[in-house]
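Structure first, commentary second.
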Amino acid sequence: MTATLKNESPFTHKAKPDAPERMRNIGIMAHIDAGKTTVTERVLYLTQKVHKMGEVHDGAATMDFLEEEQKRGITIQSAATTAAWNGHVVNIIDTPGHVDFTAEVERSLRVLDGAIAVFDAKNGVEAQSETVWRQADRYQVPRICFINKMDKIGANFDFAVSTIRDRLGARPVPIQMPVGVEKEFVGFVDLIRWKYITYIEDGDGRDYYEQEVPEHLSDVAEAYRHEMLEAAAEHDEALLDLFVEDQPIPEAMLREALRRAVLEMDVTLVLAGSALKNKGVRFVMDAVVEFLPAPTEITAIIGTDPNTGEEVSRKPCDDAPVSLMAFKTVAEPTGDLTFVRVYSGVLEKGAKLINPRTRKSERIGRLVKIHANKREAVERVRAGEIAAVIGLKNTGTGDTLCDPDHQIALGKIVFPDSVISMSIEPAKSVDRDKLSEIIGRMMREDPTFRAQTNEATGQLVISGMGELHLEVVINRIQKDYKCGVQTGRPKVAFKQRLRKDLETEARYIRQSGGSGQYAVIKVRFETQAGVEDGGFEYVDGIKGGNVPREYIPAVGHGLQEFFKSGGSSGIPFVDVRATLFDGKSHDVDSSEMAFRAAGVLAFRQAVEGNTVLLEPFMKVEVSVPEEYLGAVVGDLNSRRGEVSDVDAQGDLRIVRAMVPIAEMFAYSSALRGATQGRGQYSMELAEYRDVPASIAAKMREEHSA
């Protein structure tokens, strides 16, 4: 059987920028070390965007251009680029895989139309894989899967596919059947075209051999193809008839049915390869342009009219009023660089838009297209495109900019709460203002990085998503911004809730000659999970005129003031609903100030002996050789952990547990010692739980220290 060398050249820049249907906005997402950035590097090389492939392990990857990324060999912030493939413009965002930087994935998926989910062929779905998959589900992002590292020892395509089905609840449908595994991985059977594709060993990923499917592969490949046809038949009645009657199915009909299934998010197509060895990425790009949606295929974007609160929509076309979302900010000395996705209309240089949140106008000064850390100035950005604006003054992550005459506020981006904090101060007192400016800049860039001054101690406290997150922040402050700092030890970001519902009467009565202060209020406090506005809801339950209408908002301000302060401990409250249902006033002595003070007093009375401390619990996944399993499980149990299950994966055991983050500081060192450096772990925030009463007092004491 003769193999034909194929060397078509879809890696061309002859894209058609005036055809929105030939545009794709995609993200590359995965667990850390699954190979996202390597996949992106191969795409850039194949599309001739770069002429030399940079490697992550050498610190030379194009998309990992921050010093911290190059030093650690991981992606810390999402990076954008644009490439061309088969006459299509493909906007790509490479996202981080580490849980500490999950906000980068969140805001990227909010503005993307499709995604490539990359999985390690040996490990399949890992902890962060589940997180990013849920994020993609939240924003209804169709995706395809790439089982990477098929040449890795222990690689198992069927196992990886089964984890997608079992752990993600998805319906993976392979359109390739890989041939060989580990060192013997040579290619795949194209189940759509029914061809046998083999890679050129040590090639650059552009050329490959094609031949008819060999007889010794046909039986197994037929089983894979049957599964694919069955999935496609559910989305095309004509195809279903041919499938049931065992008739030949036209390739064009099959491709259209599979595309429909992907866009409806009923199936996820699966491909396989090894990005590091230049095997398979070109076929992933073929799948991107063929099966993932163009901006014109997404449904009209839904938002609200900021003036009326009514629901409004915008079609993804050039002739609609302009609307866009700012999804990422990079603070720079010359002006913030704000990444935007244009949802409707055409964004032009010099345009004057309005921010519905701030009610302030913004003028579009400079427009640029981004390739990693390089920029290309443009005059206009069309509906569906991703670009960046330089110099916006009052626009932050998640804000909408729109036509002042046709306003729309798009849905906000929701970011997770920070889970650890530490104190920070400049090494030199003269750098205090400089440090404040730097931290303000970094907070604009990263919505999960927060800073505030502890009113009791006067210390500046920074908070983040994990130890690595804060470590990277500190290193950037010292190296990038040349500002020496001293830090305290990390602390858990506790929360507190009311132990039980209750009613309280607060009497704020002061008389010291002349006019006094008089306010009496009765407030019902309830624990209410899921309330908005930071976990606090104020309800006006006044019947009649016991409390004059002009004083009711003042009570709410006082209640919220105490809620935000955290009381004597300074630990933030969550999930509180406060209903003002009765009260008294005085014709002369009552005032807004008195009722505000009564609100503070009411909350203070409600929390006396009536709070429960909450701590963040992490979903932990540990991979260890079997001989160390007992030691690892025992150690997790000693950390107040709850082991949920242990899976076998070759000679490794995967331990999954829920553990409070307070017990996980410096866990990497402990795991390294317990497993002679052979154990690995990952963790992500799962939920907040009540702290056992026996240790709550100690934790409160440590938190206030």
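One is the number of the first residue; the rest follow in order along the sequence. As the structure is a prediction and not an experimental result, all values here were calculated from the model.
Under a 3.5 Å cut-off, the side chain of Gln496 and the backbone N or O of Ile571 do form a donor-acceptor pair. Without hydrogens or angle criteria, Gln528 side chain to Glu537 main chain gives no donor-acceptor distance under 3.5 Å. Using modelled atom types, one side-chain atom of Arg167 and one backbone atom of Val125 make a donor-acceptor pair closer than 3.5 Å. With hydrogens and angles ignored, the 3.5 Å screen pairs no side-chain donor or acceptor of Thr504 with any backbone N or O of Ala606. For Arg499 (side chain) and Thr611 (main-chain N/O), a donor-acceptor pair under 3.5 Å exists by modelled atom type. At distances below 3.5 Å, at least one donor-acceptor pair connects side-chain atoms of Asp501 with backbone N or O atoms of Thr527. A donor-acceptor contact shorter than 3.5 Å is absent between the side chain of Thr304 and the backbone of Pro306. The backbone N or O of Ile552 sits nowhere less than 3.5 Å from a side-chain atom of Asp540 that would complete a donor-acceptor pair. Looking only at distances, a side-chain donor or acceptor of Arg110 sits under 3.5 Å from a matching main-chain atom of Gly411.
Contact between Ile462 and Ile474 at its shortest, heavy atoms only, is CD1-CD1, 3.9 Å. Residues His586 and Ser590 share a closest heavy-atom pair of N-OG, 2.6 Å. Heavy-atom minimum distance, Pro616 versus Val492: CD-CG1, 3.4 Å. Shown here for Ala670 and Arg639, the closest heavy-atom pair between the two residues is CB-NH2, 3.3 Å. In plain terms, the two heavy atoms of Leu559 and Ala602 that are nearest each other are CD2-CB, 4.4 Å. When all heavy atoms of Gly396 and Ala326 are compared, the closest pair comes out as O-CB, 3.7 Å.
Side-chain contact between Lys360 and Lys393 is absent, with no heavy-atom pair separated by less than 4.5 Å. The shortest distance between side-chain heavy atoms of Ile477 and Ile424 falls below 4.5 Å. Using a 4.5 Å heavy-atom cutoff, the side chains of Lys584 and Asn546 are not in contact. A heavy-atom distance below 4.5 Å is found between the side chains of Arg476 and Glu445. The side-chain heavy atoms of Arg357 and Asn394, taken from C-beta on, include no pair separated by under 4.5 Å. Using a 4.5 Å heavy-atom cutoff, the side chains of Val330 and Phe339 are in contact. Side-chain contact between Tyr538 and Leu580 is present, with at least one heavy-atom pair separated by less than 4.5 Å. A heavy-atom distance below 4.5 Å is found between the side chains of Glu687 and Met658.
Rounding to the nearest 0.5 angstrom, the gap separating the CG atom in Leu498 from the CZ atom in Phe525 is 7.5 Å. With rounding to the nearest 0.5 angstrom, the OG atom of Ser423 is 9.5 Å from the CD atom of Gln486. Note that CG of Leu401 is 4.0 Å distant from OG1 of Thr395, once rounded to the nearest 0.5 Å. One distance of note links CG of Asp399 with CD of Glu362; it measures 9.0 Å at 0.5 Å rounding. The line from CD of Glu615 to NZ of Lys495 is 13.0 Å long, rounded to the nearest 0.5 Å. Residue Leu601 holds its CG atom at 7.5 Å from CD1 of Ile521, rounded to the nearest 0.5 Å.
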Requested in this report: Could you give me the CA-CA distance, side-chain angles and deciding distance for Tyr139 and Val111, then say whether side chain to side chain contact (heavy atoms under 4.5 Å, CB included) is met?
Outcome: CA-CA 9 Å; Tyr139 295 117; Val111 299; over 6 Å; no

Report task. Show your working on side chain to side chain contact (heavy atoms under 4.5 Å, CB included) between Gln517 and Ile509 and close with a plain yes or no. Result -> CA-CA 5 Å; Gln517 298 291 338; Ile509 302 173; over 6 Å; no

Report task. Step by step, work out the side chain to side chain contact (heavy atoms under 4.5 Å, CB included) result for Met422 and Arg489. Result -> CA-CA 6 Å; Met422 65 170 61; Arg489 62 187 180 88; over 6 Å; no

**Report entry** Derivation and outcome, side chain to side chain contact (heavy atoms under 4.5 Å, CB included), residues Asp137 and Met265
**Finding:** CA-CA 9 Å; Asp137 282 342; Met265 294 182 61; 4.0 Å; yes

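For Asp647, the salt bridge (Lys or Arg N to Asp or Glu O under 4.0 Å) test picks out Arg656, with sequence neighbours left out.
Ring geometry, Phe563 versus Phe603: the interplanar angle falls from 30° to 60°, so the pair is classed tilted.
Other residues, nucleotides and ligands place no more than 12 heavy atoms under 6.0 Å from the CD atom of Gln680. Atom CG of Asp587 has 12 or fewer heavy atoms from other residues, nucleotides or ligands within 6.0 Å.
Residues His469 and Asp446 have side chains that bring a donor and an acceptor to within less than 3.5 angstrom of each other.
Between Arg507 and Glu505 there is a salt bridge, since at least one side-chain N of the basic residue sits less than 4.0 Å from a carboxylate O of the acidic one. A salt bridge does not link Arg524 to Asp582: none of the charged nitrogens lies less than 4.0 Å from a carboxylate oxygen. Using a 4.0 Å cut-off between charged side-chain N and carboxylate O, Asp690 and Arg497 make a salt bridge. In summary, Arg441 and Glu437 engage in a salt bridge, as defined by a charged side-chain N under 4.0 Å from a carboxylate O.
Applying ring-ring contact (aromatic ring centres under 6.0 Å, His included) to Phe595 and the options Tyr518, Tyr551, Tyr508 leaves one that passes, Tyr551.
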